[in-house]
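Report on one structure; see the data block that follows.
Every chain is numbered from 1, with letters handed out A, B, ... down the list of sequences. Computed from a prediction, not measured in an experiment: that's the story for all the values here. The figures here come from the full heavy-atom set of this structure, side chains too, leaving out hydrogens, waters and symmetry mates.
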Amino acid sequence: MSRELAKTYDPSGIEDRLYQKWLDKKYFHAEVDESKKPFTIVIPPPNITGQLHMGHALDETLQDILIRFKRMQGYNTLWQPGTDHASIATEVKITEKLREEGIDKESLGREKFLERAWAWKKEYGGRIVNQLKKLGSSCDWDRERFTMDEGCNKAVNEVFVKMYEKGYIYKGARMVNWCPVCNTSISDAEVEYEEQAGHFWHIKYPILNDDDTESGEYLVFATTRPETMLGDTAVAVHPEDERYKHLVGKNLMLPLMNRKIPVVADEYVDREFGTGVVKITPGHDPNDFEVGKRHDLPLINIMNDDATINENGGKFAGMERYAARKAIVAELEQMGLLVKIEDHVHNVGTHDRCGATVEPLVKAQWFVKMDELIKPAQKAVREGEIRLVPESMQKNYFNWTDNIRDWCISRQLWWGHRIPAWYCDDCGEIVVSRTAPEKCPKCGATHLTQDPDTLDTWFSSALWPFSTLGWPEQTKELKYFYPTDVLVTGYDIIFFWVIRMIFSGYEQMGEKPFKTVFFHGLVRDSQGRKMSKSLGNGIDPLEIIAKYGADALRLTLVTGNAPGNDMRFYYEKVESNRNFANKIWNASRFILMNMGDEQPARPAESELAPADRWIISKANRLVKDVTENMEKYELGVAVQKIYDFIWDEFCDWYIEMVKPRLYAKEDAASRNAALYTLKNVLIDALKLLHPYMPFVTEEIFCSLQEDEDSIMVSAWPVYDGAKDYPAEEAAVESIKEAIRGIRNARTGMDVPPSKKAHVYVVSALAEKRASFAENADFIKSLASASELIVQEDRSGIGEDAVSVVIPDVNLYIPLGELVDIEKELERLQKEEQRLEKELARVNGMLSNEKFTSKAPAEKIAEERAKLDKYSRMMEQVKEQIANLRK
RNA sequence: GGGAUCAUAGCUCAGCUGGGAUGAGCGUCCGCUUGACGUGCGGGAGGUCACAGGUUCGAACCCUGUUGGUCCCACCA
């Protein structure tokens, strides 16, 4: 059985081999099985254009941890994978590529373009999936989906038609955010505001008399966008503004355009801001649009889709927007209408994809009416039907749902779900239908043209939790796996995606899409900056995996981080986690070496040494704690406990304690009990660790365990009250305490300290004997405190040696070295002070009526126990001090 | 402008519903070629838990305010 194992753990090779094994054995695959409870996660589908980045790595790791945990707990787990067509992101990339080839998208034509897009999908769609596999993701790849596959298309059309029929989807001319570079409308969520230095141009318009002659008076106002004046159709003042009350109803002459526009009164104007006068451009400003509607003002669009001035801009037609701005300002100045220019910092809306300044334009677009749809989504979170982790995300969530506006879903793009609406060429009737209509239902004409627009990419993602399970078909999967259990995603797409899935779930399925949303933060670089291409500070997860292994990366991404918080990425952290993998590797190597060709037999209860019971008891409580933490999504806390247990308790203490028994071959039963405990405690710890570090745990598990195929389908350990050994725990803890004390006492001596606790001690050198004798009492008192036995050294190494034997544990502790009296005294006095303080505190609490009457019984018992413990410790310390002083 | 969130060891962060700062990783210092592991072992230094008040028997944790950082939303022309 014992193999030649390398001294250091090298994940390369091992990881791919194990992943292939899991695939071959179909461990990731889930089938409907009514006898088992399902546990489902749908993956946030990565973009087909995407390359795996740290954000994915974190997202996938968290999901894989939850899925592996639940799988081991016996749930029928489905991790539903897939990819997103990412309409605009992909289209931008393909268009770029075409441009590089010297091909213009428009001249290529829609059909050819889509051919290219599908080819692209074929080429790159698989890339990200393969990268996800490198992380160890246990997705059910047999069920992989794509947001534009046949089923998802069907779902999209179904939803569109249903919502259109219900009146939730409508087409209307509304102010939208227009990206002049991508040439499409975008939703509010896609607009990013950016602070930019700009100017305030103070301009004045001449006031006209009733007979249209200039009165010589002017209205002065400020604007950040002078070019929009070409589309002004009014100037507004506050109705109660005494300064301008008399002008309401009068007309102004719009310079450059020579158009007569009225002065209107509207509450929207802030009297305090600027001059209290606002120019109104209903065609190019969302607020002005509303004002325009209230006052029935004409709406003039002065811009083309590419943000050049159109024919409504008079002589400025054809100019680019900023060139026009310059020309207009110059001309106004010439006319003496420019009062002044001020510097001004303001927020400018930009497109989150391309960074271009967004232009508010009035366009005929498709919208989803949100006011009714959002209600169940609000209610679900408010009433706890859907839980957000961490809870603080609720505020973010409600901030959006409470201020929701209709969702612009049409995009002037080609790559995406074509809007299932047709227009009759003859009568203009709109036909919305699941399939292409043969003829116009109104006039019977057979010439119908489909709407050229496609849908916002998030429209299909919103349906993801049920479309991937087969909806609109009533599949058995849908009935069994829906609603899903948890959605894991970054807080940055709560508005884009999470909210939209929730209201879509309620609307289409009549049921929430998931029970819990588990949010994580962003992975930043070591300086706290967002990883980005432009900064070039991105760290490639695949490189990390190649160098340190997926396990180390995964552990790095989940430790020391609370849900929803951003984290910084440090190579040092990966390194230390790689070291942890190596540590476990070596611990198991040690066990394998000692097991040799035999598997230890289950020892009788009586054969277990106190040390065995101690570690069993510790492991048992670890199981309880870790399971509880994981159920509360405290993954970082959970894995920290496993880490500490394995490294500190198991490796640094238990293995060391057990060594004498393993080497003393004469006591076979004791040796067997030690080996058995070593092996089985490690296996339990490996199981707890497996969700976090799937590869190294599997590799070791398979070496240690002969009768099971894989740790990933083994049973999750369960807390067992019978494995609690409080007495042994307390005993060993005090032994540890004693050993530490002894080690401390030895520092500063000119005798080399021993590395290991079990080292047999060479006695004090002859000339130091006196010193040793002086300290014998101390050693004895420490020993007796820990129920140790002081006896002659049995190692046979030194004649004058004395060692301590811990009964049953068979642990030899070197005591032969000398104790520095001064130092020890100092230490004890410090200890005494600490205890005094503690005793005072506990006494104070316990004698306080308010505490004893109000505090929970558990707490009081705990404090009483502390009081006892401290009192006893105090006695000992006092005794030791007295002894030392002798 | 509204809101959220953070401020704990040199650095990065944990710290559950108020009850010993029990902290972790990295760094740093001292000592260890020891038969699982130097990707290791043992030990040490280092914190007035941002500041000021308040509630409480008791506050890193609750409340108020101040300062500083980050983020989200809004977009007053």
Side-chain angles (χ1 to χ4, degrees), chain A residues 5 7-9 188 193 200 221-225 228 235-236 268-270 272-281 285-288 291 346-349 392-393 395-396 398-400 402-403 491-492 494-495 521-522 526 528 548 552 556 559-562 564-573 575-594 628-629 632 634 636-637 640 643-644 651-652 655-656 659 663 740 743-744 746-748 752-759 834 837-838 841-842 844-845 847-852 854-855 859 862-863 866 870:
Chain A
L5 292 175
K7 267 186 150 185
T8 50
Y9 173 66
D188 294 337
Y193 287 91
F200 245 148
F221 57 87
T223 177
T224 54
R225 305 188 55 202
T228 61
V235 165
Y268 150 72
V269 180
D270 179 354
E272 311 298 318
F273 190 85
T275 57
V277 182
V278 187
K279 69 194 244 336
I280 301 297
T281 323
D285 181 280
N287 288 310
D288 294 7
V291 175
H346 60 150
N347 281 323
V348 176
S392 59
M393 286 297 163
K395 282 163 188 158
N396 249 330
F398 290 126
N399 187 19
W400 182 266
D402 292 347
N403 300 300
Y491 61 72
D492 51 332
I494 180 166
F495 310 130
L522 267 41
S526 60
Y548 300 100
T556 302
T559 42
N561 182 247
N565 284 3
D566 289 356
M567 60 168 308
R568 298 191 189 199
F569 191 91
Y570 285 92
Y571 282 95
E572 293 86 342
K573 227 174 132 184
E575 216 166 287
S576 80
N577 288 323
R578 186 267 323 259
N579 294 353
F580 179 53
N582 187 57
K583 184 76 183 173
I584 312 168
W585 178 256
N586 274 295
S588 69
R589 208 161 64 94
F590 172 79
I591 297 171
L592 285 170
M593 278 169 57
N594 282 288
E628 278 172 11
N629 283 131
K632 287 192 278 184
E634 293 162 357
V637 177
Q640 186 68 52
Y643 182 103
D644 291 342
C651 292
D652 288 347
I655 287 185
E656 295 306 330
K659 275 176 177 171
Y663 297 152
R740 282 201 202 96
R743 279 175 184 157
N744 278 342
R746 295 151 60 80
T747 51
S754 65
K755 179 199 168 199
K756 290 174 184 173
H758 74 273
V759 164
R834 189 184 73 95
K837 229 174 91 187
E838 278 312 308
R841 187 187 65 82
V842 177
M845 272 170 76
S847 59
N848 188 307
E849 255 182 54
K850 281 184 184 165
F851 172 73
T852 46
K854 281 183 198 164
K859 198 97 223 163
E862 203 178 292
E863 294 302 329
K866 278 183 193 171
Y870 294 147

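- Of the C1' atoms belonging to rU64(B) and rU56(B), the separation is 16 Å, rounded to the nearest Å.
- A donor-acceptor contact closer than 3.5 angstrom links the side chains of Tyr491(A) and Asp566(A).
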Using a cutoff of under 3.5 Å, can you pull out all pairs of nitrogen or oxygen atoms linking the protein to nucleotides 12-15 of chain B, with atom names and distances?
unit_1  : atom_1 : unit_2    : atom_2 : d
rU12(B) : O4'    : Tyr570(A) : OH     : 3.2
rU12(B) : O3'    : Arg568(A) : NE     : 3.2
rC13(B) : O2'    : Gly560(A) : O      : 2.5
rA14(B) : OP1    : Asn565(A) : ND2    : 2.6

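- For Asn399(A) against rC73(B), a side-chain-to-base donor-acceptor contact under 3.5 Å is absent.
- Projected onto RNA chain B by closest heavy-atom contact, Val278(A) and Asp188(A) fall at different nucleotides, the more 5' of which corresponds to Asp188(A).
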In dot-bracket form, how is RNA chain B paired, counting a Watson-Crick or G-U wobble pair only if both its distances are under 3.5 Å and using | for bases paired to another strand? (((((((..((((.....[...)))).(((((.......))))).....(((((..]....))))))))))))....
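- Between the OH atom of Tyr491(A) and the C1' atom of rC71(B) there is a distance of 6 Å, given to the nearest Å.
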Kindly indicate, with the supporting measurements, whether the criterion side chain to side chain donor-acceptor pair (under 3.5 Å) is fulfilled by Thr8(A) and Asn582(A). CA-CA 6 Å; Thr8(A) 50; Asn582(A) 187 57; 5.1 Å; no
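- To the nearest angstrom, P of rG3(B) lies 18 Å from CZ of Phe398(A).
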Worked check of side chain to side chain contact (heavy atoms under 4.5 Å, CB included) between Lys279(A) and Arg225(A): CA-CA 11 Å; Lys279(A) 69 194 244 336; Arg225(A) 305 188 55 202; over 6 Å; no
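- Atom NZ in Lys573(A) sits roughly 10 Å away from atom C1' in rC26(B) (whole-Å rounding).
- In terms of position along RNA chain B, the nucleotide closest to Lys632(A) lies nearer the 5' end than the nucleotide closest to the other residue of the pair Lys632(A) and Asp644(A).
- Going from atom CD1 of Ile655(A) over to atom C1' of rG40(B) covers 13 Å, rounded to whole Å.
- At distances below 3.5 Å, at least one donor-acceptor pair connects side-chain atoms of Asn594(A) with backbone N or O atoms of Phe590(A).
- The gap from the P atom of rA9(B) to that of rC49(B) amounts to 9 Å, rounded to the nearest Å.
- Scanning atom types as modelled, no donor and acceptor separated by under 3.5 angstrom connect the side chain of Lys7(A) and the base of rC37(B).
- The distance from atom NE2 of His346(A) to atom CZ of Phe200(A), rounded to the nearest 0.5 Å, is 8.5 Å.
- Rounded to whole angstrom, the span from the OH atom of Tyr193(A) across to the C1' atom of rC71(B) amounts to 17 Å.
- Counting to the nearest Å, the P atom of rA77(B) and the CZ atom of Arg225(A) are 11 Å from each other.
- Between Asn403(A) and the phosphate of rA74(B), there is no side-chain N or O to OP1/OP2 separation shorter than 4.0 Å.
- Distance CH2 (Trp400(A)) to P (rC73(B)): 7 Å, rounded to an integer number of Å.
- Side-chain proximity of Glu572(A) to the nucleotides rG42(B), rA24(B), rC26(B) is greatest for rC26(B).
- If you measure from atom NZ of Lys395(A) to atom C1' of rC6(B), you get 14 Å, rounded to the nearest angstrom.
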